[in-house]
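A note on names: the letters A, B, ... follow the listed sequences, proteins ahead of strands, and every chain is numbered from 1. All values derive from a computational prediction rather than experimental measurement. All heavy atoms count here, side chains included; hydrogens, waters and symmetry mates do not.
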Amino acid sequence: MIVALDVILFLILLATAVLALQVKDLLAAVSLLAGYSLFAALLFAGVSAVDVALVEAALGAGVTGVLFIAAILATARRSDAPSDRRRRLIVLPLIVAFVALMLFASTGLPDRGDPDAPAQLGVSQTYLTDSLADTETPNVVTSLLADYRSLDTLGETMVIVTAALSAALVLARRGEIPVWPQRRGGTDPGDDGGTDPAAPAGTPVTGSSGTADPGGHVTTSSPTPDAPTEAHGGTDPEERP
Amino acid sequence: MIELFLARYVYLFVLMLLAIGLYGVLAKGDLVKKVIGLTIFSTAIYIFFIEGSLQEGATAPVIEGDQTDPSLYVDPLPHLLILTAIVVGVGVVGVALSLLVRLYRAHGTLDEAVIARRIAGREDPARPASPHDDGPEGEQRGRGSDGGRSGADSGGHEEASGDSGAGHGQASGDSGGGHGQASGDSGGGHGQASGGSGGGHGQASGGSDGDRDDDDRDGPGGRA
Amino acid sequence: MMMTGAYPSVVVRVTCALLSPFIAMFGLYIIAHGHYGPGGGFAGGVFVAAGAILPRLTLPEELSYSLFPRWIGPATGGVGLLLFLLVGLAPMLVGAEFLDYGAVEIAGMAASRVRYLGILVVEVGVGLAVFGAMLMIFDVLTLRDDDA
């Protein structure tokens, strides 16, 4: 917790945040956002939150950027929505009110690094004292995560898996995300998504069911030039020239 | 003054970051920019929590030897909360982005105002050729028996029609379960079905023939 | 424009092909080492997912999708969550509360050791779930239908 380093990092964070919102090219905006997350991770490392810094660097600066870029490549690269002046006139007073309210509320918060702050005197003391004896785990964050507060973590894990499943539900078509290894190569009349009477037509299979979808192909990942001529069922999409 | 700043500067900076993120969420018209604003906002909250765990003269909450004096280590509880919050935040971003891609497929734009007008039925849904074509695998996996339904579905892809039409085409796409699977011989069912389900607001701009041409032009390995 | 598939530059391809197994290995190390240092299931799962996503961005598709097929994402996500749930249910068999690993008695092992092992299994479960979820979100966002 070197104050000068903190202040410099905060200034960089402010600059990257403003630029990420102002740049018209969305890929540049996402790069700036990844930089923002990386500097936030440095800030976390600077205040001894090593676990958080690790996750923020891997997720915020890494995977989030990849997901954003994937979405941008699937949509539009330029942010050409015209700025709406009326909307800004409504929004700016709202934000000023929000900041004023928060400034007022922050007067009741403890000073930075205050060891007598109420948050420091609660249950965390017990965790720090007992973790080694209870669980033989020196890293208190890990023992908190997976032992003392594991119900919390179970809920979070469910949220993650549910989020992934709902993303698949929104985007994937039936059978595109197989949940089980598919037979590879060759054509199989029984493996035809088109003439499968068993699968109810109204239910898209998104991978949540845990059983193999009989019509589920691993879809072709590159456009096949002769696709239109083979536009009938029974062609295994994995066959590629 | 300096002392006040040293004691309080975290709140100041976090507030500025929160304001920037809030501005992005509220004032930006582009939906991707809104999600970026959301990320900025939530990261500012992470910073607020983590800075709140700080303690003078304390270090990372990894116990050295058997020194279990709590005053030696920073508060681990906010670390845990933020650790899981970051991961959940990425899950939220993933769902948001997939919804954006879906919206773009249906409307051809990510401008919030345009989409809102279109859903409210205040804008003519007929729009220029969709920037998005159904991939070739959609046709490859075609099912001839479902010509009508899948035709209706790709109609929903090609255009967003009418006040109820946007919901219509989309709903049929969801319940259909098979998106854009019009095979070559069911091309006739294409325009017809989309006209029927969409409330008659303009036809699918390109039949499956047009899609195919575009795909041929792109070709395999057309990575730019 | 396509997200996945072979990247045109050979430098990028070779670098990423060399790098990705080490990234995944580092992720496994982070999961296993969560007791003693920074890391654990969440961070490690993300690193392993990064090691799986990197080949998809740079290598030819038949290679990258045979290394980590599409079904890996949903399958490991479900398996990880299931592992976590089963570990939570195990104490209930001996009459203790949900997720109270210390109550399970294993011969010759102190309760703290059992909790230590419980933490390890939970971290592995979380790592699998996070890996599966991240890979699945990426796969869904890059489905070929999107980039015409």
Does anything in residues 55-63 of chain A reach chain B? List residues with heavy atoms under 4.5 Å apart, or say none.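 Counting heavy atoms that sit under 4.5 Å from chain B, the residues of residues 55-63 of chain A involved are A:Val55, A:Glu56, A:Leu59.
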Quick check: closest heavy atoms across [X] and [Y], and the distance to 0.1 Å?
X        : Y        : value
A:Val52  : B:His79  : CG2-O, 3.5 Å
A:Leu132 : B:Gly65  : CD2-O, 3.4 Å
B:Pro76  : A:Val141 : CB-CG2, 4.1 Å
A:Ala163 : B:Gly91  : CB-O, 3.8 Å

By a 4.5 Å heavy-atom criterion (distance strictly below it), what part of [X] contacts chain B: side chain, backbone, both, or neither?
X        : result
A:Leu103 : both
A:Tyr148 : neither
A:Asp130 : neither
A:Ala117 : neither
A:Leu67  : both
A:Leu21  : both

To the nearest 0.5 Å, tell me how far [X] [atom1] sits from [Y] [atom2].
X        : Y        : atom1 : atom2 : answer
A:Phe10  : B:Glu51  : CZ    : CD    : 4.5 Å
B:Leu26  : A:Ile90  : CG    : CD1   : 10.5 Å
B:Leu83  : A:Leu54  : CG    : CG    : 9.0 Å
B:Leu103 : A:Thr75  : CG    : OG1   : 10.5 Å
B:Leu54  : A:Asp111 : CG    : CG    : 12.0 Å
B:Leu80  : A:Glu156 : CG    : CD    : 8.0 Å

Using the side chain to side chain contact (heavy atoms under 4.5 Å, CB included) rule, take B:Leu72 and A:Leu128 through it: C-alpha gap first, then chi angles, then the decisive distance, then the call. CA-CA 9 Å; B:Leu72 289 176; A:Leu128 281 167; over 6 Å; no
Relative to chain A, which segment of [X] carries a heavy atom at a distance below 4.5 Å: side chain, backbone, both, or neither?
X       : result
B:Phe48 : side chain
B:Val74 : both
B:Tyr23 : both
B:Leu6  : both
B:Tyr9  : side chain
B:Ala58 : backbone
B:Thr84 : both

Check this for me: B:Phe13, atom CZ, are more than 12 non-hydrogen atoms of other residues, nucleotides or ligands nearer than 6.0 Å?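 Yes, enclosed.
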Give a yes or no on whether A:Phe39 atom CZ has more than 12 heavy-atom contacts from other residues, nucleotides or ligands under 6.0 Å away.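 Count not over threshold, so no.
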Assess the residue pair A:Arg149 and B:Leu77 against the criterion (side chain to side chain contact (heavy atoms under 4.5 Å, CB included)); give the C-alpha distance rounded to whole Å, side-chain angles, the decisive distance to 0.1 Å, and a yes or no. CA-CA 10 Å; A:Arg149 287 182 163 257; B:Leu77 199 52; 3.4 Å; yes
Would you confirm whether [X], through its side chain, and [Y], through its main-chain N or O, come within 3.5 Å as a donor-acceptor pair?
X        : Y        : value
B:Lys33  : A:Val23  : yes
A:Tyr36  : B:Ile40  : yes
B:Arg8   : A:Ser106 : yes
B:Arg102 : A:Val170 : yes

Taking the side chain as every heavy atom from C-beta outward, state whether [X] and [Y] have any atom pair closer than 4.5 Å.
X       : Y       : answer
A:Leu26 : B:Asp30 : yes
B:Leu17 : A:Leu13 : yes
A:Arg88 : B:Lys28 : no
B:Thr39 : A:Leu33 : yes

Max heavy-atom pair count under 4.5 Å with chain B, selected residue of [options]:
options                               : value
A:Val159, A:Thr64, A:Ile160           : A:Ile160
A:Leu145, A:Val18, A:Leu109, A:Asn139 : A:Leu109
A:Ile95, A:Thr107, A:Val161           : A:Ile95

Quick check on the interface: out of B:Leu97, B:Leu99, B:Val95, who has the most heavy-atom pairs with chain A under 4.5 Å?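 The answer is B:Leu97.
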Taking B:Val93, B:Ile82, B:Ile47, B:Val14 one by one, which has the highest count of heavy-atom pairs under 4.5 Å against chain A?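 Maximum pair count with chain A is reached by B:Ile47.
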Where do A:Arg87 and B:Glu112 land on the salt bridge (Lys or Arg N to Asp or Glu O under 4.0 Å) test, with the steps shown first? CA-CA 12 Å; A:Arg87 190 206 308 235; B:Glu112 187 207 22; 2.8 Å; yes
Suppose we screen for salt bridge (charged side-chain N to carboxylate O under 4.0 Å, His left out). Which residues come up paired with A:Asp114, at least two apart in sequence or across chains?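 Expected list: none.
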Once the angle between the rings of B:Phe41 and A:Phe98 is folded into 0 to 90°, is it parallel (under 30°), tilted (30 to 60°) or perpendicular (over 60°)?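 Plane angle between 30° and 60°, so tilted.
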